[in-house]
Amino acid sequence: MNDKELNLETRVVHAGHPEPRIERAAVTPVFQCTVYEQTDDDASYYDVRYPRLNNLPSHTALAGRLASLEGAEDALVCSSGMAAISTTLMQLLRDGGHLLVQDQLYGGTHSFLERHLKSFGMDCDFITAGDPGAWKAKLKPNTRAIYVETMTNPLLRVIDHRAIVEFAREHELVSLVDNTFATPVNFRPAEFGYDLSLHSATKYLNGHSDLVAGAVIGGAEQVRAVGSLLAILGGTLEPHGCFLLDRGIKTLVLRVRHQNANALALTQHLEAHPAVARVNYPGLEKHPDHALARELFEGYSGMFSFELTGGTEAAKRCIKQLRIPIHGPSLGGPETLVTRPATSSHAGLKPQERRDLGITDGLIRVSVGVEAVEDLIRDFDAAL
Ligand SMILES: Cc1ncc(COP(=O)(O)O)c(C=O)c1O
């Protein structure tokens with residue numbers, strides 16, 4: 001049956017599996033082996049299996065599954081989200097390219113651009129994604145790509161992805177989006193015309209808080225070019241990591257739809273709570289990007305942030321009182337996580353820089369898990 005005729009729930013379980021199945025196993029086995037027999041004396045180095053070259057059956061199976069989930073031509077997995085992001089940008093900007101990039105970014109990506117990219121002879125300029133009229137002035141003759149995130153962290157602002165893709169096409173730029181927060185369940189970049197989508201598979205794709213991995217998904221030629229640099233830089237995913245990701249991803253649709261529903265119910269409850277000053281979740285009608293999110297996304301994600309009327313001290317007390325959520329950074333696992341961005345993801349910024357971005361010291365970010373939402377609501381109520 002043609003993959004495209006199948007629903008996401010079916011593809012997340014079956015797409016990409018080896019044909020015929022290896023030893024008829026329902027699960028792609030772990031290829032815990034670095035040496036493979038060479039059957040043809042004239043075979044090139046790249047034709048022989050070697051884990052760093054990203055050519056184990058488990059790599060191929062995962063690539064097929066991820067490409068199918070986002071409706072893209074090809075994909076590859078790598079050793080972390082940062083390996084996916086840094087390798088892709090180095091490939092696209094090699095020999096002195098310039099990048100336009102959204103000003104609100106995951107901290108690791110921001111550090112890579114600010115601290116390392118320039119020393120490799122590449123350059124970037126930050127753009128305000130919500131102000132398309134200003135992007136053109138930032139273009140340079142060597143601008144090659146435009147880079148954004150599906151939703152911003154931690155305020156969950158949404159940009160008009162159609163405008164980004166249109167601008168990229170008009171100016172012959174490669175369009176890239178970090179789709180970690182949304183996942184292919186909620187947003188499929190290739191369907192909107194993005195050239196490449198990047199993931200920290202550490203988060204929702206694996207979804208069990210027990211693996212560091214990344215993914216690059218998009219056009220076959222672009223993915224192949226990134227893959228050949230990745231094989232030399234050494235950022236490929238090792239065999240047991242492939243097995244864990246293969247296992248974790250099969251429940252992606254179930255997990256993310258449950259997390260979407262939990263986040264919506266929890267934010268609707270918190271929004272009406274007298275101790276809560278503000279809730280940032282694109283699924284709420286009051287969110288400034290709600291209409292846009294409704295047009296672009298199938299679900300609003302399991303991520304939200306909120307502030308209390310009692311400010312920072314009340315936020316600290318609330319985190320301490322919560323019994324079910326774990327106080328910790330990262331996101332996308334089965335357990336609900338709470339963190340204060342001012343002391344975690346955005347601790348590296350100066351207080352004024354955080355204020356400029358709208359991130360107060362009392363802001364609490366929540367990655368909603370797959371627990372029963374009634375239990376989460378009761379726990380948040382008790383903590384507040
Ligand atoms: C949106 C986003 N992109 C990329 C990354 C980097 O991923 P990794 O930690 O797997 O390298 C993260 C990590 O938190 C993230 O949140």
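Each residue takes its place number in the sequence, starting with 1. For ligands, and for the atoms within them, numbers begin at 1 and follow the listed sequence.
- Cluster annotation: L99 and F120 are assigned to the same hydrophobic cluster (Ile/Leu/Val/Met/Phe/Trp/Tyr, side-chain heavy-atom contacts under 4.5 Å, transitive).
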Can you pull every nitrogen or oxygen pair between ligand 1 and the protein closer than 3.5 angstrom?
{"unit_1": "ligand 1", "atom_1": "3 (N)", "unit_2": "D178", "atom_2": "OD2", "d": "2.6"}
{"unit_1": "ligand 1", "atom_1": "7 (O)", "unit_2": "S200", "atom_2": "OG", "d": "3.0"}
{"unit_1": "ligand 1", "atom_1": "10 (O)", "unit_2": "G81", "atom_2": "N", "d": "2.9"}
{"unit_1": "ligand 1", "atom_1": "10 (O)", "unit_2": "S200", "atom_2": "OG", "d": "2.8"}
{"unit_1": "ligand 1", "atom_1": "10 (O)", "unit_2": "T202", "atom_2": "OG1", "d": "2.6"}
{"unit_1": "ligand 1", "atom_1": "11 (O)", "unit_2": "G81", "atom_2": "N", "d": "3.1"}
{"unit_1": "ligand 1", "atom_1": "11 (O)", "unit_2": "M82", "atom_2": "N", "d": "2.8"}
{"unit_1": "ligand 1", "atom_1": "14 (O)", "unit_2": "K203", "atom_2": "NZ", "d": "2.8"}

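- Side-chain contact between H208 and R255: present, with at least one pair of heavy atoms (C-beta onward) separated by less than 4.5 Å.
- The NE2 atom of H327 sits 14.0 Å away from atom OG1 of T336, with the distance rounded to the nearest 0.5 Å.
- Under the ring pair (Phe, Tyr, Trp, His ring centres under 6.0 Å) criterion, F31 pairs with no residue at all, not counting sequence neighbours.
- Here H171 pairs with F167 under the ring pair (Phe, Tyr, Trp, His ring centres under 6.0 Å) rule; sequence neighbours left out.
- Residues meeting the side chain to side chain donor-acceptor pair (under 3.5 Å) test with T88, sequence neighbours left out: none.
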